[in-house]
Amino acid sequence: MIVGERVPTAVEAYYAALDAGDFESAAEQLGEDVLIALPPRGGHEVDPRQLARGRAGARDLLVGRGPSGVRHQVILCMGQERSWYVEGVTRDPADDRPRRTFTGHFSLGEDGLIARYLAFACEPAVSMPPRADSARPADAASVVDAYFHAMDAADFEAAADCFSDDVLYCHPPYRHTNITSNLRHDFVGRAQLLSGFAARGKASFTHRVLELVQRGPNALFELVVENLPGGGTGSAVCSLSLNDQGRIHRYVAFYTEPGVEWM
């Protein structure tokens, strides 16, 4: 079952063709001037995306990457007009075992084809799924704004207060902070999360949400990280679920540097 809304036709067809290793059909779902940004095969999840512009370049990129050996299963989909977000898991065709959690933002052209696709993935798959009900306990955009405002000000108590006592917070390896581990950070519970924020410390960079879409208790959004050393930027897509009290109960983030052009 997919939580949220039906996956747009071009996105559904793209994943089906990709899973079948039919890169020509996958490329047919891309616009002539598409920008596609995929995580590197065999690299680290925060490494720069593999970029291609134009349908021919994107097809060559897909062919060069070769078959993925997995099946994409979308579990959360939401969007507005021509902007769509998905989260899902990739499954091993041999035993249906979930291998990775993936997420992405698709911008569709007027022709319904994919004009921009920014993709992320992490391994292993995130253990907690999004909420499946339709309750809307709070405005997710306001909660996210409060969280990033507090983080950018190094007010870690206020930042942690945006999350539930039993939160699952799954974040990619930090960059440009006091934490230098290359491991993904899985904080369970607000107390552990607050300790992680304190260890991370005040950062020089700031966060700016480009767009957030909410359906019921779940939200997906893309943001840009600004003021990085040397004037660089980073791109992120995040997924969250609110609890009944309007705090974030599930938070899954993905990140890459440099930032990917927004359309």
Side-chain angles (χ1 to χ4, degrees), residues 1-4 7 15 19 39 41-47 68-78 85-105 119-135 137-138 140 143-144 147 151 159-174 179 181-197 199-200 212-223 236-256:
M1 181 185 76
I2 297 177
V3 178
V7 180
Y15 281 135
D19 293 348
R41 287 274 175 83
H44 201 278
E45 65 168 283
V46 298
D47 285 347
S68 65
V70 297
R71 175 175 62 87
H72 290 78
Q73 178 191 6
V74 175
I75 60 175
L76 180 64
C77 176
M78 59 186 71
Y85 295 83
V86 299
E87 182 189 341
V89 295
T90 57
R91 293 187 176 275
D92 190 321
D95 57 12
D96 207 39
R97 177 178 59 88
R99 292 176 54 182
R100 299 179 181 89
T101 288
F102 70 89
T103 191
H105 176 225
F120 298 87
C122 71
E123 189 174 357
V126 178
S127 59
M128 181 189 294
R131 282 181 61 168
D133 60 284
S134 59
V143 179
V144 168
Y147 161 57
M151 286 297 287
D161 193 51
C162 297
F163 297 84
S164 66
D165 288 338
D166 57 349
V167 64
L168 171 65
Y169 182 98
C170 185
H171 195 282
Y174 286 117
I179 298 179
S181 169
N182 260 340
L183 299 178
R184 178 165 273 263
H185 304 289
D186 291 309
F187 299 129
V188 180
R190 187 190 296 158
Q192 191 178 107
L193 178 60
L194 180 56
S195 294
F197 287 166
R200 168 191 178 275
L212 182 146
V213 180
Q214 178 177 0
R215 295 293 181 269
N218 302 306
L220 282 157
F221 61 96
E222 183 173 347
L223 64 87
V237 169
C238 306
S239 174
L240 67 83
S241 299
L242 301 173
N243 70 359
D244 290 339
Q245 289 70 48
R247 284 185 166 89
I248 301 172
H249 175 60
R250 174 187 188 267
Y251 185 82
V252 184
F254 299 84
Y255 181 71
T256 188

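Worth saying up front: this structure is predicted, and the values here are computed from it rather than measured.
Among all heavy-atom pairs drawn from Met78 and Val213, the shortest one is SD-O, 3.0 Å. Closest heavy-atom contact between Ala132 and Val3: CA-CG2, 4.1 Å. When every heavy atom of Pro217 is checked against every heavy atom of Ser134, the shortest pair comes out as CD-C, 4.0 Å. The two atoms that bring Pro172 and Glu45 nearest to each other are CB-OE1, 3.5 Å, heavy atoms only. Taking each heavy atom of Pro129 and Ser127 in turn, the nearest pair found is CD-O, 3.6 Å. Scanning all heavy atoms of the two residues, the minimum distance from Ala119 to Pro39 falls at O-CD, 3.4 Å.
Residues passing the salt bridge (charged side-chain N to carboxylate O under 4.0 Å, His left out) test with Asp186: none are found, sequence neighbours excluded. For Asp244, the side-chain contact (heavy atoms from CB on, under 4.5 Å) partners at least two apart in sequence or on another chain are Arg131.
Contact annotation: the side chain of Asp161 approaches that of Arg190 to within less than 4.5 Å [non-hydrogen atoms, C-beta and beyond]. Val126 places a side-chain heavy atom less than 4.5 Å from the side chain of Arg250. The side-chain heavy atoms of Leu76 and Asn218, taken from C-beta on, include a pair separated by under 4.5 Å. When side chains are defined from C-beta on, Cys238 counts as touching Leu223, because their heavy atoms get closer than 4.5 Å. With contacts defined as side-chain heavy-atom distances shorter than 4.5 Å, the pair Ser241/Met128 does not qualify. By the 4.5 Å heavy-atom criterion applied to side chains, Ser68 and Thr90 are not counted as neighbours. Residues Phe197 and Met151 have side chains in contact (heavy-atom distance under 4.5 Å, counting atoms from C-beta outward). Between Tyr251 and Leu193 there is no side-chain heavy-atom pair separated by less than 4.5 Å.
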Item to complete: Please assess Tyr147 against Phe163 for the test ring pair (Phe, Tyr, Trp, His ring centres under 6.0 Å), listing each intermediate value before the final yes or no.
Response: CA-CA 9 Å; Tyr147 161 57; Phe163 297 84; 5.1 Å; yes
Worksheet item: Can you list the steps and then say if Tyr85 with Glu222 is a side chain to side chain contact (heavy atoms under 4.5 Å, CB included)?
Response: CA-CA 9 Å; Tyr85 295 83; Glu222 183 173 347; 3.7 Å; yes
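For the pair Asp19 (side chain) and His72 (backbone), a donor-acceptor distance under 3.5 Å is present.
Note that SG of Cys122 is 11.5 Å distant from CZ of Phe102, once rounded to the nearest 0.5 Å. Atom OG1 of Thr256 is separated from atom CG of Asp47 by 7.0 Å, given to the nearest 0.5 angstrom. Note: Ile179 CD1 to Arg200 CZ = 8.5 Å, rounded to the nearest 0.5 Å. For the atom pair CG (Leu212) and CG (Leu240), the distance works out to 6.5 Å, reported to the nearest 0.5 Å. Leu242 contributes atom CG, which lies 6.0 Å from atom CD of Gln214 (distance to the nearest 0.5 angstrom). Interatomic distance, Leu220 CG to Glu87 CD, rounded to the nearest 0.5 Å: 6.5 Å.
Under 4.0 Å is where a charged nitrogen must lie from a carboxylate oxygen, and between Arg247 and Asp165 no such pair does.
Geometric assessment of Arg184 against the ring of Phe254 yields a positive cation-pi assignment under the 6.0 Å and 45° thresholds.
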